[in-house]
Amino acid sequence: MKNIKIQYLNDEIKRLEYIDGKSDWIDLRSAEKVELKAGEFKLIHLGVAMELPKGYEAHIVPRSSTFKNFGIIQTNHCGIVDNTYCGSNDWWFMPAFALRDTVIEINDRICQFRIQENQPKIAFNEVERLQAEDRGGIGSTGKQ
Ligand SMILES: O=c1ccn([C@H]2C[C@H](O)[C@@H](COP(=O)(O)OP(=O)(O)OP(=O)(O)O)O2)c(=O)[nH]1
C-alpha cells in the first residue's frame with residue numbers, strides 16, 4: 001500500500017477513489033465546466049495536485065469512453081506526471097482537443113491514471129554498428 005498526499009482545488013471536486021478489485025486505474029474528473037467548439041484546445045483542470053511516492057511517476061490517459069462521451073482526444077496521448085511535480089501549484093491537467101462541439105460538466109470523469117515505478121538509471125553507450133540480429137525494420141512481419 002502506498003500513501004499519496006493529495007490537495008484538491010475546492011470542496012466541490014469529488015474525492016479520488018481507489019476501487020479495489022476492479023481496475024487499478026483511478027478516474028480523474030474535470031474541475032470546471034468546459035465548453036469547446038470543434039477544433040478548440042484546452043488544458044482541462046483536473047482539480048488535484050499530488051506528492052507521489054518517492055521513485056514513482058504517474059501516467060494519465062483518456063478513459064476508453066471519453067471520445068464517445070465528449071468528442072475530445074488527449075493531445076499528448078499519455079501524460080507523464082514527474083515525481084518532482086509535487087508542489088501546491090502543480091495542478092494536474094488534461095490537454096484536450098475537441099473534434100466536435102462539446103460540454104464537459106464539473107466532476108465528469110474524463111481520464112484516468114496510475115502510478116508506476118521510475119525506470120532505472122540509464123547510460124547510453126555509443127557503438128559504430130549494433131551486433132544483435134535485426135528484425136528488418138518497421139513492418140517486416142506483414143499484415144496478417
Ligand atoms: O497530461 C499531463 C502531462 C503533464 N502534466 C504535468 C505533470 C508534469 O510533470 C508536467 C510537465 O509535463 P511534461 O514534462 O510532459 O511537459 P513539458 O511540456 O516538457 O513541460 P515542462 O517544461 O513543465 O517540463 O505537467 C499534466 O498535468 N498533465
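None of the values given here were measured: they were computed from a predicted structure. Counting starts at 1 for both ligands and their atoms, in listed order.
Here F93 and H45 bring their ring centres to under 6.0 angstrom of each other.
Around CZ of R15, the count of heavy atoms belonging to other residues, nucleotides or ligands within 6.0 Å exceeds 12. Counting non-hydrogen atoms of neighbouring residues, nucleotides and ligands closer than 6.0 angstrom, the CD1 atom of I122 exceeds 12 such neighbours.
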I'd like a table of the close N/O pairs between ligand 1 and the protein (anything under 3.5 Å), one pair per line with both atom names and the distance.
from	atom 1	to	atom 2	distance (Å)
ligand 1	1 (O)	N76	ND2	2.9
ligand 1	9 (O)	D82	N	3.1
ligand 1	9 (O)	D82	OD2	2.7
ligand 1	27 (O)	F93	N	3.0
ligand 1	28 (N)	F93	O	2.7

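Considering only heavy atoms from C-beta on, I110 comes within 4.5 Å of L46 through its side chain.
A donor atom on one side chain and an acceptor atom on the other are not found under 3.5 Å apart for N107 and E105.
Listed by chain and number, the hydrophobic cluster partners of L130 are V127, where partners are ILVMFWY side chains within reach of under 4.5 Å, directly or through others.
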